[in-house]
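Reviewing the structure listed below.
Please read all numbers here as calculations on a predicted model, not as lab measurements.
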Amino acid sequence: MKKLIIILSLISICFADQYTFLVKKYDKEIELEAKIIANIANSTTKGNIKLFIPKITELEKKIYSKYLEVVDSCDKSNFVFIKNKINKPETCHLTNKVFFTNNYRKLLNKDMYIGAFFWSKSRPNIVFIKNRLDKKEITLPNSYSQFIEDF
């Protein structure tokens, strides 16, 4: 009986690697955010999208890389997504870049952002500001018309 238990234990240990995905950290919220940001970036930026997120975590980088090319500096990017309480990097120039945030107050207070994607009551929200889109000469598809606000 002991030999049978030992053999079964060894077999289960050998196949345990197949189930390690159950214990790896993975966040569905980040996955959804990455899909939405990728869709927004493709709609607002022409050409190959190069995304920069200041102080991005390894998990976020891994997930965002599935949908967009993630670069490590603002100067190499053409779409910048500034999250949380982080401000625009000092070395980041405003020309030829689309700035997006996840903070509604930042969107209202700083003209460099064309829009925001944020969570409210566990739901994703998207807001674009019309005059900033016009200033950058960005035309969004009709599917985004419900998210455009005119201040």
Side-chain angles (χ1 to χ4, degrees), residues 12-151:
S12 66
I13 289 171
C14 291
F15 291 108
D17 285 341
Q18 294 178 0
Y19 299 104
T20 57
F21 70 91
L22 294 174
V23 293
K24 289 183 181 176
K25 185 178 179 188
Y26 193 77
D27 196 338
K28 288 290 184 186
E29 187 175 300
I30 296 172
E31 179 83 30
L32 179 60
E33 179 181 276
K35 287 179 184 178
I36 291 171
I37 293 299
N39 197 348
I40 291 169
N42 286 317
S43 298
T44 58
T45 309
K46 294 177 177 97
N48 187 25
I49 311 298
K50 294 181 181 178
L51 173 70
F52 174 68
I53 301 174
K55 298 184 181 178
I56 190 170
T57 65
E58 286 301 316
L59 176 63
E60 288 173 326
K61 191 172 189 175
K62 179 181 175 186
I63 294 172
Y64 273 90
S65 295
K66 291 179 187 178
Y67 306 102
L68 298 165
E69 180 183 349
V70 179
V71 294
D72 57 353
S73 77
C74 187
D75 292 332
K76 296 177 185 176
S77 70
N78 56 3
F79 189 90
V80 180
F81 183 46
I82 298 183
K83 299 175 71 170
N84 304 323
K85 296 181 180 180
I86 299 169
N87 291 321
K88 177 186 77 73
E90 296 299 323
T91 60
C92 197
H93 303 290
L94 297 176
T95 57
N96 300 328
K97 293 185 190 332
V98 174
F99 283 87
F100 217 74
T101 184
N102 73 341
N103 187 315
Y104 188 68
R105 284 194 177 133
K106 264 189 191 177
L107 172 67
L108 296 178
N109 295 328
K110 302 218 177 185
D111 289 342
M112 67 184 210
Y113 299 110
I114 63 157
F117 168 75
F118 55 95
W119 296 90
S120 178
K121 298 180 184 176
S122 299
R123 291 187 205 137
N125 292 282
I126 302 170
V127 177
F128 293 97
I129 296 182
K130 185 177 182 353
N131 65 351
R132 296 179 193 172
L133 291 171
D134 294 341
K135 191 176 183 180
K136 287 265 191 185
E137 298 177 358
I138 296 172
T139 305
L140 293 173
N142 289 336
S143 59
Y144 284 106
S145 62
Q146 64 186 352
F147 306 117
I148 299 174
E149 294 184 10
D150 194 6
F151 289 109

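Taken to the nearest 0.5 Å, the CD atom of E69 stands 14.5 Å off from the CZ atom of F79. Here the straight-line distance linking atom CZ of F99 with atom CG of D111 works out to 13.0 Å at 0.5 Å rounding. Rounded to the nearest 0.5 Å, atoms NZ (K97) and OG1 (T45) are 10.5 Å apart. In this structure, C74 SG and I53 CD1 are separated by 12.0 Å, a value rounded to the nearest 0.5 Å. Taken to the nearest 0.5 Å, the NZ atom of K83 stands 13.5 Å off from the NZ atom of K55. The CD atom of E137 sits 8.5 Å away from atom OG1 of T139, with the distance rounded to the nearest 0.5 Å.
Contact annotation: the side chain of W119 approaches that of E29 to within less than 4.5 Å [non-hydrogen atoms, C-beta and beyond]. Between I37 and Y67 there is no side-chain heavy-atom pair separated by less than 4.5 Å.
Between Y113 and Y104, the distance from one ring center to the other does not fall under 6.0 angstrom.
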Requested in this report: Please report the C-alpha distance between L107 and R132 in whole Å, then the side-chain angles of each, then the deciding distance to 0.1 Å, and finally whether the side chain to side chain contact (heavy atoms under 4.5 Å, CB included) criterion is met.
Outcome: CA-CA 11 Å; L107 172 67; R132 296 179 193 172; 3.6 Å; yes
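For the residue pair F118 and N102, the shortest heavy atom distance occurs at CB-O, 3.3 Å. Considering all non-hydrogen atoms of both residues, A38 and L68 come closest at CA-CD1, 3.7 Å. Scanning all heavy atoms of the two residues, the minimum distance from V71 to F52 falls at O-CD1, 3.5 Å.
Here the side chain of N96 pairs no donor or acceptor atom with the backbone of N78 at under 3.5 angstrom. K76 places no side-chain N or O within 3.5 Å of a backbone atom of V70 that could act as its donor or acceptor partner. Side chain of T101 to main chain of I82: a donor-acceptor pair is present (N/O by atom type, distance under 3.5 Å, no hydrogens or angles).
Between F81 and F100, the ring-plane angle classifies as tilted under the 30° and 60° cut-offs.
Between the side chains of N39 and Y144, a donor-acceptor pair is found at a separation under 3.5 Å.
Here the rule is side chain to side chain contact (heavy atoms under 4.5 Å, CB included) with I148, and of V127, L140, I129 only L140 fits it.
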